[in-house]
Amino acid sequence: MRTDVRQVADGTYLVHGGHTNWVILTEGDAVTLIDTGYPGDRRRLLDSLAAVGGSPNAVTAVLLTHAHNDHIGSAEHLRTEYGIPVQLHPAEVPHARREFLQQVAVGTVLRNAWRPGVLPWALHVLRAGGTEQHPVTVPEPFPAATGALDLPGRPVPVHTPGHTDGHTVFHLPEAGILVSGDALVSGHATARVRGPQLLPGMFHHERARALASLDVIASLAADTLLPGHGPVHRGPVREAAQRAREHAV
């Protein structure tokens, strides 16, 4: 299957993998990779780097919005094979090591199998290796200093807990872009609506905190949303967060 790489701004690409997105930021020959898709997305991930003129050897760091299986699928592979550091919020570090798992349980999925889209989505998860565990054995917390990371694209990590304890979005203030992971998406195979929204409740570790994090997102100046699921969304992120809150009520 052809890798779907969409350039959304200079040096910024949204890649649609198997039901999950990742983002590539380029600066000269150097690359920042945000999330890595499912384990079964590895070929697509490598192809996407090649499509923007990069390679694993050009990746300076893998940043993770959070440590769910559909976002960390190739993180440990890139770390061990290419020596690429994997960075995420300090609260998410033990989650990436799989000291605990804040992810929807199989039993919960089965109880919701009657809902539209859940069964096809679950079958895809199985085919993509979504039930496998690929912990990051040496995850690194973001540097203690606040503000932009010294990486291509100069992403600014912003803590948005709820989906997981350490979920983080990445703000690109100069480009007016927000990489939102699963804190704010624009679609999902199990969702009943299109456009900006929270994921269905069963996917959040603490739904109330996920709702509260929409206020954090709304405070960020951006007019392009690159979500973990769904297409790019154009328009003020403040309005996207408000729309997601309205759908969640």
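We're numbering straight along the sequence, starting at 1.
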* Carefully, step by step, assess Thr168 and Leu88 under the rule side-chain contact (heavy atoms from CB on, under 4.5 Å). => CA-CA 8 Å; Thr168 297; Leu88 62 175; over 6 Å; no
* To do: Please lay out, stage by stage, how Ile72 and Asp35 fare under the test side-chain contact (heavy atoms from CB on, under 4.5 Å).
  => CA-CA 6 Å; Ile72 71 167; Asp35 290 341; over 6 Å; no
* Asked: Would Tyr82 and Val59 count as a side-chain contact (heavy atoms from CB on, under 4.5 Å) if you check the C-alpha gap in whole Å, the side-chain angles of each, and the deciding distance to 0.1 Å?
  -> CA-CA 9 Å; Tyr82 300 96; Val59 178; over 6 Å; no
* **Evaluation steps, side-chain contact (heavy atoms from CB on, under 4.5 Å), between Val8 and Leu226** => CA-CA 9 Å; Val8 296; Leu226 306 185; 3.9 Å; yes
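The nearest pair of heavy atoms linking Ala9 to Ile177 is CB-CD1, 3.8 Å. Here the closest heavy-atom approach between residue Ser219 and residue Val216 is recorded as OG-O, 2.6 Å. A pairwise comparison of heavy atoms in Leu14 and Pro227 identifies CD1-O, 4.0 Å as the closest pair. Across all non-hydrogen atoms, the minimal contact from His171 to Ala221 is NE2-O, 2.8 Å. The minimum heavy-atom distance between Gly129 and Pro39, with the atom names listed, is O-CG, 3.5 Å. Considering every non-hydrogen atom in both Gly166 and His89, the closest pair reads O-CB, 3.2 Å.
Residue Trp121 is found in a hydrophobic cluster whose other members, listed by chain and number, are Tyr38, Val104, Val109, Val118, Val125, Val185, Leu199, Met202, Phe203; membership requires side-chain heavy atoms under 4.5 Å apart, directly or through intermediates. Leu110 belongs to a hydrophobic cluster with Val106, counting contacts under 4.5 Å between side-chain heavy atoms of Ile, Leu, Val, Met, Phe, Trp and Tyr, direct or through other members.
With values rounded to the nearest 0.5 angstrom, Tyr13 atom OH is found 4.5 Å from Thr26 atom OG1. Summarising the geometry, atom CG belonging to Leu101 is positioned 5.5 Å from atom CD belonging to Gln133; distances are rounded to the nearest 0.5 Å. Going from atom CG of Leu64 over to atom OG1 of Thr36 covers 6.5 Å, rounded to the nearest 0.5 Å. Between the CG atom of Leu63 and the OG1 atom of Thr60 there is a distance of 8.0 Å, given to the nearest 0.5 Å. Interatomic distance, Asp47 CG to Thr3 OG1, rounded to the nearest 0.5 Å: 4.0 Å. The OG1 atom of Thr190 sits 12.0 Å away from the CG atom of Leu119 when rounded to the nearest 0.5 Å.
Remark: of the listed residues His229, His68, His124, His124 is the sole one forming a ring pair (Phe, Tyr, Trp, His ring centres under 6.0 Å) with His19. Checked options His134, Arg42, Glu81; the residue passing with Ser74 is Arg42 (criterion: side-chain hydrogen bond (donor to acceptor under 3.5 Å, both in side chains)).
Here His71 and His66 bring their ring centres to under 6.0 angstrom of each other.
Proximity of Ile24 to Val31: side-chain heavy atoms (C-beta onward) are separated by under 4.5 Å at one or more points. At a threshold of 4.5 Å between non-hydrogen side-chain atoms, the residues Thr131 and Asn69 do not count as touching. Asp215 is listed as a side-chain neighbour of Arg245, based on a closest heavy-atom distance under 4.5 Å. Side-chain contact check for Glu206 versus Gln102: every heavy-atom pair is 4.5 Å or farther apart. Side-chain contact between Thr65 and His167 is present, with heavy atoms from C-beta onward closer than 4.5 Å.
Applying the salt bridge (charged side-chain N to carboxylate O under 4.0 Å, His left out) rule to pairs touching residues 95-107 yields Arg97-Glu99, sequence neighbours excluded. Listed by first and then second residue, the salt bridge (charged side-chain N to carboxylate O under 4.0 Å, His left out) pairs that reach into residues 66-80 are Glu76-Arg79, sequence neighbours excluded.
Counting heavy-atom neighbours within 6.0 Å of Asn57 CG, excluding the residue itself, gives a total above 12.
Follow the hydrophobic side-chain contacts under 4.5 Å out from Leu78 and you reach Val52 in the same cluster. Leu211 and Leu225 fall within the same hydrophobic cluster, defined by Ile, Leu, Val, Met, Phe, Trp and Tyr side-chain heavy atoms under 4.5 Å apart, directly or through other members. One hydrophobic cluster, built from ILVMFWY side chains closer than 4.5 Å, holds both Val5 and Leu33. Transitive grouping of hydrophobic side chains (ILVMFWY, heavy atoms separated by less than 4.5 Å) keeps Val15 and Leu46 in distinct clusters.
Using a cutoff of 4.0 Å between basic side-chain nitrogens and carboxylate oxygens, Arg44 and Asp41 are scored as salt-bridged.
Remark: the Gln7 side chain and the Thr12 side chain contain no N/O donor-acceptor pair separated by less than 3.5 Å. Checking His95 against Glu92 by side-chain atom types alone, a donor-acceptor pair falls below 3.5 Å.
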Atom pairs and distances, donor-acceptor, side-chain atoms in residues 231-244, under 3.5 Å, two or more places apart:
residue : atom : partner : partner atom : Å
Arg234  : NH1  : Thr224  : OG1          : 3.3
Gln242  : NE2  : Glu246  : OE2          : 3.2
Arg243  : NH2  : Arg194  : O            : 3.1

Can you give me every donor-acceptor pair (side chain of residues 151-159, partner residue at least two apart or in another chain, under 3.5 Å) with its distance?
residue : atom : partner : partner atom : Å
Arg154  : NH1  : Leu151  : O            : 2.6
His159  : NE2  : Asp165  : O            : 2.8

